[in-house]
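Inspection log for the structure reproduced underneath, given as structure tokens.
First the proteins, then the strands, lettered A, B, ... as listed; each starts at 1.
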2 protein chains.
Amino acid sequence: MNTCQRYLKEIAKARHLEELQEAMNFVLSELSIESYAYLNVGVGTNSARSPFLIGNYKSDWTDYYIRNKLDLIDPVIEASIKSCVPFFWGVPEVVYASRPEQEVLFRQAASFGIRHGWTVPIHNCNGRIGTINICSSKEFDQFKEHIENLAMMLHVISIHFHASVCKCELADTKRSSIDLTTREKQCLEWAAKGKSRTDIAEIVGLSPRTVKFHIENAQKKFGVFSTRQAALQAVLSGMISI
Amino acid sequence: MNTCQRYLKEIAKARHLEELQEAMNFVLSELSIESYAYLNVGVGTNSARSPFLIGNYKSDWTDYYIRNKLDLIDPVIEASIKSCVPFFWGVPEVVYASRPEQEVLFRQAASFGIRHGWTVPIHNCNGRIGTINICSSKEFDQFKEHIENLAMMLHVISIHFHASVCKCELADTKRSSIDLTTREKQCLEWAAKGKSRTDIAEIVGLSPRTVKFHIENAQKKFGVFSTRQAALQAVLSGMISI
DNA sequence: GGATATCCTGTCCAGGTGGACAGGTGCGGC
DNA sequence: GCCGCACCTGTCCACCTGGACAGGATATCC
């Protein structure tokens with residue numbers, strides 16, 4: 001068994017988020033990664049659902065980040081939503097602050113020693129994405145070289161880590177898999193076809209309130225906050241067709 | 001630059017699907033992978049486009065597979081939709097035929113020498129998923145050992161390959177009848193992610209009215225009457241990703 | 001009998017959406 | 001110079017949506 005396989009095994013055997021964090025701390029320290037943060041965010045609307053964070057960034061910064069919902073404006077998160085391959089960010093790179101509040105964010109991060117980094121975005125199409133963010137106090141060139149040497153391994157480790165997070169999360173919430181009821185699918189299907197609540201009510205022979213009820217349930221199951229997203233998720237996961 | 005980086009560069013520089021296939025053929029032959037197939041399928045039941053296939057499987061089999069839409073019943077594809085980490089399939093593994101028509105599929109595949117394999121599922125949330133399927137005529141244990149030694153590199157290569165396919169494909173859609181402008185795509189993309197008009201306005205730096213304007217134009221192009229439908233169409237036709 | 005799941009229905013209300021009316025700029029082609 | 005196109009912005013208003021309150025009826029399983 002090679003080194004990477006050993007690392008992946010370490011990550012796979014974790015049963016709770018705490019164990020997972022320990023495993024990741026161990027693996028990344030072995031790889032001389034001084035500072036990392038796994039951020040799991042919803043791609044949905046800016047509602048109450050909080051993103052969650054695992055890692056060893058300074059808690060002053062991460063607390064502030066989460067409390068102020070900075071993920072909503074973070075250009076790194078924006079880029080992660082769009083990209084499916086890892087990317088560098090910070091001073092000499094493309095992914096950088098473009099709007100005033102993003103510049104504030106970068107300045108604030110810099111005051112905690114976070115000036116540049118490398119991020120692995122991980123998508124699994126359930127309305128949330130995972131990002132492994134690695135940063136360093138080293139000079140950018142030196143950091144980049146270090147990362148590029150490890151990129152392959154770090155990329156794979158990140159994906160498996162995210163998969164483990166999802167597994168632990170699922171185990172926690174006891175939601176084995178997303179399973180829509182007949183009514184939920186029926187209502188969502190018409191919603192995806194562009195019908196309004198009242199239309200659907202008439203079509204399927206329910207009250208508009210009940211249609212709302214079923215769509216709301218579907219939204220909860222997908223962890224999203226709009227019919228738009230629920231319809232998308234249902235179509236993308238092959239549960240309904242339009 | 002190490003070997004893997006060289007491979008990734010080879011894949012990244014391809015501009016058309018043909019070049020991409022050549023690059024992949026080269027890379028995988030270097031890694032002593034005798035037989036692979038990249039299958040790109042839509043996840044919806046009646047997806048916008050038929051699946052497409054790149055690789056060096058016997059064309060007798062792949063033609064038959066595509067013609068009979070076997071991806072719709074293939075347990076490997078089912079597993080790929082659900083999993084986001086690579087897995088083995090075939091005789092001694094978990095992913096195997098469970099329904100009668102799936103058993104037929106596996107028997108047919110076996111007659112073409114495909115008995116077991118390893119699949120990397122790649123999700124990037126645009127209504128299609130990519131799978132890199134690698135199989136071998138070797139005995140399973142021997143095959144498994146070979147793959148496990150290369151798993152990390154193959155995994156990363158697969159992800160970058162899929163990203164390149166998407167890039168080439170997007171270039172192709174520019175020639176299709178429906179053609180969204182940059183702003184339209186930009187606004188729809190955020191809309192598909194569940195953002196509201198005001199959110200999007202802030203993100204892309206426009207007035208809410210202008211965001212509305214662009215989404216309306218996209219709606220007209222698709223011949224639909226809601227953001228919901230426009231977002232779905234755009235995602236399913238691969239113009240945007242969520 | 002109680003827990004659980006699916007299903008059904010109601011009101012109130014802030015905030016989002018889409019249609020219809022306006023207006024404007026800058027660029028390239030004929 | 002005019003036309004078409006992409007782009008940008010505004011108001012008004014009916015309607016739709018989602019969240020937060022409610023209230024029910026069945027049926028299954030332990």
Side-chain angles (χ1 to χ4, degrees), chain A residues 42-50 69 72 98-99 127 173-234 239-240, chain B residues 174 176-234 239-240:
Chain A
V43 275
T45 190
N46 46 2
S47 289
R49 179 182 36 146
S50 57
K69 298 173 194 264
L72 293 174
S98 59
R99 289 177 287 131
T173 54
K174 284 181 184 170
R175 270 189 306 143
S176 55
S177 72
I178 291 173
D179 190 16
L180 298 183
T181 67
T182 321
R183 285 300 201 186
E184 283 160 6
K185 277 190 262 189
Q186 202 180 9
C187 293
L188 260 193
E189 207 161 320
W190 287 111
K193 285 176 181 142
K195 301 292 181 193
S196 77
R197 227 184 254 166
T198 5
D199 292 341
I200 301 171
E202 212 177 307
I203 293 169
V204 302
L206 293 172
S207 85
R209 179 61 188 86
T210 310
V211 172
K212 189 192 174 198
F213 170 78
H214 290 302
I215 293 179
E216 273 173 350
N217 284 337
Q219 285 170 12
K220 278 174 202 152
K221 287 182 184 177
F222 284 120
V224 299
F225 296 88
S226 70
T227 306
R228 205 143 79 205
Q229 284 174 290
L232 256 165
Q233 293 299 329
M239 288 173 189
I240 62 168
Chain B
K174 277 181 190 154
S176 89
S177 50
I178 291 174
D179 187 16
L180 298 182
T181 68
T182 321
R183 285 302 201 185
E184 283 159 5
K185 275 190 265 189
Q186 202 180 9
C187 294
L188 260 194
E189 207 161 319
W190 289 111
K193 282 167 192 145
K195 301 290 182 191
S196 76
R197 229 184 253 166
T198 359
D199 292 340
I200 301 170
E202 208 179 310
I203 292 169
V204 301
L206 293 172
S207 84
R209 179 61 186 85
T210 309
V211 172
K212 190 192 172 200
F213 169 77
H214 291 301
I215 293 178
E216 274 173 349
N217 284 338
Q219 286 170 13
K220 280 173 201 154
K221 287 182 184 177
F222 285 119
V224 300
F225 301 91
S226 70
T227 305
R228 208 142 77 202
Q229 285 172 289
L232 258 164
Q233 292 298 330
M239 288 174 188
I240 62 167

- prompt: Angle, rounded to 10°, between the helical axes spanning five pairs at each terminus of the helix from dG1(C)-dC30(D) to dC30(C)-dG1(D)?
  reply: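 One end axis against the other gives 50°.
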
Please report, rounded to the nearest Å, how far the [atom2] atom of [N] is from the [atom1] atom of [X].
X: I215(A); N: dG18(D); atom1: CD1; atom2: P; result: 7 Å
X: Q186(A); N: dC8(C); atom1: CD; atom2: C1'; result: 14 Å
X: I200(A); N: dC15(D); atom1: CD1; atom2: P; result: 18 Å

Tell me every residue that passes side-chain contact (heavy atoms from CB on, under 4.5 Å) with [X], counting only those two or more places apart in sequence or in another chain.
X: K195(A); value: W190(A), D199(A), I200(A), I203(A)
X: K220(B); value: N217(B)
X: R183(B); value: T181(B), Q186(B), V204(B), L206(B), H214(B)

Testing the basics here: between [X] and [Y], what is the closest heavy-atom pair and its distance to 0.1 Å?
X: T198(B); Y: P208(B); value: CG2-CG, 4.2 Å
X: I240(B); Y: K185(B); value: CG2-O, 3.8 Å
X: C187(A); Y: I215(A); value: CB-CG1, 3.9 Å
X: S207(A); Y: A201(A); value: C-CB, 3.8 Å
X: L232(A); Y: A192(B); value: CD1-O, 3.5 Å
X: Q219(B); Y: A230(B); value: CG-CB, 4.0 Å

task: May I have all residue pairs that pass salt bridge (Lys or Arg N to Asp or Glu O under 4.0 Å) and include part of residues 203-213 of chain B, sequence neighbours excluded?
output: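 As it turns out, the salt bridge (Lys or Arg N to Asp or Glu O under 4.0 Å) pairs with a partner in residues 203-213 of chain B, which skip direct neighbours, are K212(B)-E216(B).
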
task: Ignoring backbone atoms, test whether S226(A) places a side-chain nitrogen or oxygen under 4.0 Å from the OP1 or OP2 oxygen of dT17(D).
output: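 No, outside the criterion.
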
field: N/O (side chain, Q219(A)) to phosphate O (OP1/OP2, dT17(D)) under 4.0 Å
entry: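 For dT17(D), neither OP1 nor OP2 has a side-chain N or O of Q219(A) closer than 4.0 Å.
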
query: So, R228(B) side chain and A191(A) main chain: donor-acceptor pair closer than 3.5 Å or not?
result: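 Yes; at least one donor-acceptor contact below 3.5 Å.
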
Is there any protein nitrogen or oxygen under 3.5 Å from a nitrogen or oxygen in nucleotides 12-16 of chain C, and what are the pairs?
none

- request: First locate atom OG1 of T210(A), then atom CZ of R197(A), and finally report the distance between them rounded to the nearest 0.5 Å.
  value: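 Reported value, rounded in 0.5 Å steps: 11.0 Å.
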
- prompt: Which value, rounded to the nearest 0.5 Å, describes the distance between Q229(A) atom CD and F222(A) atom CZ?
  reply: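 Nearest 0.5 Å value for the CD-CZ distance: 11.0 Å.
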
Protein-nucleotides 21-28 of chain C N/O pairs closer than 3.5 Å?
none

Give each protein N/O atom lying under 3.5 Å from an N/O atom of nucleotides 4-7 of chain D, with the pair distance.
from: dC7(D); atom 1: OP2; to: T181(B); atom 2: OG1; distance (Å): 2.5

message: Using a 4.0 Å heavy-atom cut-off to protein, can you give one letter per nucleotide of nucleotides 23-28 of chain D, 5' to 3': B if the base is in contact, S if only the sugar-phosphate is, - if neither?
response: ------

